[in-house]
Amino acid sequence: MSDLRKPLRPKKARSWVDWAVKLRWILVIFVVLPVSVSFAICARSRELWSAWKSEKKRQKEHDENVEKVIKRLKSRDPAHDGLVCTARRPWVVVGMRNVDYKRARHFEVDLNDFNQILEIDRENMIARVEPLVNMAQITRMTIPMGLSLAVVAELDDLTVGGLINGYGIEGSSHIYGLFADTCVAYEIVLADGRLVRVTADNEFSDLYYAIPWSQGTLGLLVAAEIKLIEVGPYMRLTYSPARGNLQELAQAYNDTYIPRDGDQDNPEKVPDFVESMVYSESEAVCMSGRYAGKEEAKRKGNKINNQGRWFKPWFYQHAQTALKRGEFVEYIPTRDYYHRHTRSLYWEGKLILPFGDQFWFRLLMGWMMPPKVSLLKATQGDAIRNYYHERHVIQDMLVPSYKVGMALEFNDREFEVYPIWLCPHRLFKHRMRTQINPEPGFEFAGRPGDTPFAQMYTDVGVYNTPRCVFQGEEFDGIAAVKKMEAWMIENHCYQPQYSVSELNERDFWRMFDPTLYQQCREKYKAVGTFMSVYYKCKKGKKTEKEVAEEEAKVTETTYADIEKS
């Protein structure tokens, strides 16, 4: 895009907050990293202790903890105790959205002990896990068995509960869909204290389809059964450079996983893993991977890259070398590949530690990376928190894949943020309309990548400080996000709820479909017990009036319903 089409921005005067953000690395080096390592050691010890127990012992502890949750929930006095939420501290959540609802009156239920893998069922290819099991924990157990979750979100600390109640994606999502699409069953404690097992074909099937994206506002998730697949010990990864304008880069990305002949379900033509990184307005690297065995990976002439070692170059920088080297192929151990973005937090690590990617730092201190996102949030204070909301962008735009070029152009015009992460996913047409649905009539349009049962979408991940901020210019992050959200509503896109949103309630329910969610809220008596998803996601501290109105609800009517009537 021509620079003449980009907004002209005046210079911004520096404040103490700018300097505090620039020098945060001092606090990170001497406080956040050491504490992060301590937390990791404790978590790993707990994980080993859990693995040492028998399945029978873990199940017994699980049952006892569920009884505690039920007892606690039944002890609530609706007239005085406030709405129910979990007892996790507000800064523990991985994501930029601060959980401001916990600053208001609420009734806590402790789920912190729900962190065990209960069973790996090889016969039925199911993993039954508790909601606080994270991705690092489950891959450490399953990969040595030649198994994996069908969708493994990249960052180590992302939990099963967060990925189900919110949003989870990975490079295999163009085959399996989002994380919640790979779940076979949920175990939920409802508002009345009942423990129910929820599947797609039992009497709670409506709840099964309503839970994803509900942010825990329909009940308390205490366990999930998730699909397993067989995997090889290595990922054969092909790095392909692409050059051109943004529309041409989008086409090169789509070509890596969408066969030109429309044979989308043919495993011979569709790779196991796909992602692309757009490094500038004119350059990108597209990656496609297939599982491989040890014999193939260690064959003479093949290169093995143990990407998980602490001293290795950060993955996004390693991939960028394809722009100079040209296309190349290498083999990465499967678990290393799954967590390739963890050490550098994609490219956010460069902002937190400007020298973190240097060889001397990786060699001496790379083993301490990454800093815990929760600890970064806990040590930032309100001034720095507001700075990131206004001068930094962490957003995902879930767009129909044929509109990726349009989304890239929007980013270049409004945010000027690079690199950009591109990851495709299937958005399934379910028998019940969920909060997110394909475009009406997509199955008749015959677009590349779509099938009769799913439309192909792409996560356009925009995570970085805008170029104009680096140049010392003004940037109105709030206005830019509002423009982005308006563009997304107009183009049938979705914004994951972990991010900071500027949507009002009317526009929130224009983006998401409230019908099934609202029906389940009322049918299972969540209204007046659990917060509504908009109330929970709304930016800013809740006023006493908002708190009182939410607690007093006995039924719900969305702005979308009002407009339709």
Side-chain angles (χ1 to χ4, degrees), residues 6-39 89-100 103 280 314 316-317 343-362 364-366 368-395 411 414-420 461-482 484 498-500 502 539-541:
K6 295 179 182 177
L8 296 175
R9 299 183 173 98
K11 292 292 184 179
K12 179 184 181 298
R14 283 189 175 273
S15 69
W16 71 268
V17 181
D18 293 285
W19 290 107
V21 170
K22 190 172 183 178
L23 297 175
R24 279 201 78 198
W25 64 266
I26 299 172
L27 182 66
V28 171
I29 289 285
F30 294 105
V31 177
V32 176
L33 279 180
V35 176
S36 296
V37 171
S38 300
F39 274 37
R89 296 302 90 200
W91 46 268
V92 170
V93 179
V94 178
M96 281 302 293
R97 176 176 62 85
N98 281 65
V99 282
D100 293 300
R103 299 184 181 190
S280 71
W314 289 355
Y316 83 95
Q317 293 176 337
R343 231 172 351 113
S344 59
L345 298 174
Y346 288 90
W347 31 86
E348 290 281 309
K350 182 71 172 173
L351 299 176
I352 299 165
L353 291 169
F355 44 79
D357 58 338
Q358 299 300 305
F359 176 74
W360 65 267
F361 181 86
R362 287 187 277 110
L364 297 177
M365 301 186 71
M368 302 177 76
M369 291 290 285
K372 293 282 186 185
V373 174
S374 56
L375 292 173
L376 290 171
K377 289 170 65 176
T379 57
Q380 68 184 5
D382 284 342
I384 294 178
R385 169 197 178 192
N386 293 333
Y387 176 95
Y388 282 124
H389 289 177
E390 296 168 7
R391 309 273 293 164
H392 191 78
V393 181
I394 297 186
Q395 296 284 344
N411 165 78
E414 299 296 337
F415 292 132
E416 296 182 81
V417 165
Y418 292 97
I420 297 173
V462 185
Y463 328 122
N464 214 329
T465 297
R467 183 181 296 162
C468 62
V469 175
F470 285 127
Q471 294 170 349
E473 299 171 349
E474 288 282 1
F475 174 73
D476 189 342
I478 293 174
V481 168
K482 285 181 178 179
M484 179 198 75
Y498 81 87
S499 58
V500 179
E502 302 294 336
K539 176 184 173 183
K541 186 176 180 180

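All figures in this text were calculated on a predicted structure; none of them were measured in a lab.
Between Phe415 and Met484 there is a side-chain heavy-atom pair separated by less than 4.5 Å. Residues Met368 and Pro34 are in side-chain contact: their nearest non-hydrogen atoms beyond the backbone lie under 4.5 Å apart. Residues Met369 and Leu353 have side chains in contact (heavy-atom distance under 4.5 Å, counting atoms from C-beta outward). In this structure the side chain of Tyr346 never reaches within 4.5 angstrom of the side chain of Asn464, judged on heavy atoms. Looking at Lys372 and Val32, their side chains never come closer than 4.5 Å, going by heavy atoms from C-beta outward. A 4.5 Å side-chain heavy-atom check between Leu351 and Tyr463 finds every atom pair outside the cut-off. Counting only heavy atoms from C-beta outward, the side chains of Pro466 and Val393 approach each other to under 4.5 Å.
Shown here for Ser36 and Pro370, the closest heavy-atom pair between the two residues is CB-O, 4.3 Å. In terms of heavy atoms, Trp314 sits closest to Arg343 at CD1-NH1, 3.7 Å.
Going from atom CD of Gln358 over to atom NZ of Lys350 covers 5.5 Å, rounded to the nearest 0.5 Å. Remark: Tyr316 OH to Asp357 CG distance equals 5.5 Å, nearest 0.5 Å. How far SG of Cys468 is from CZ of Arg391: 7.0 Å, rounded to the nearest 0.5 Å. Atom-to-atom distance recorded for Trp25:CH2 and Phe30:CZ is 6.5 Å, nearest 0.5 angstrom. Atom-to-atom distance recorded for Arg362:CZ and Phe355:CZ is 13.5 Å, nearest 0.5 angstrom.
Under a 3.5 Å cut-off, the side chain of Gln395 and the backbone N or O of Val500 do form a donor-acceptor pair. Looking only at distances, a side-chain donor or acceptor of Arg24 sits under 3.5 Å from a matching main-chain atom of Leu376.
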Could you go through the side chain to side chain contact (heavy atoms under 4.5 Å, CB included) check for Ile29 and Met365 one step at a time? CA-CA 9 Å; Ile29 289 285; Met365 301 186 71; 4.1 Å; yes
Could you go through the side chain to side chain contact (heavy atoms under 4.5 Å, CB included) check for Ile352 and Leu345 one step at a time? CA-CA 10 Å; Ile352 299 165; Leu345 298 174; 3.9 Å; yes
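Under the side-chain contact (heavy atoms from CB on, under 4.5 Å) criterion, Ser280 pairs with Ser282, Glu283, sequence neighbours left out.
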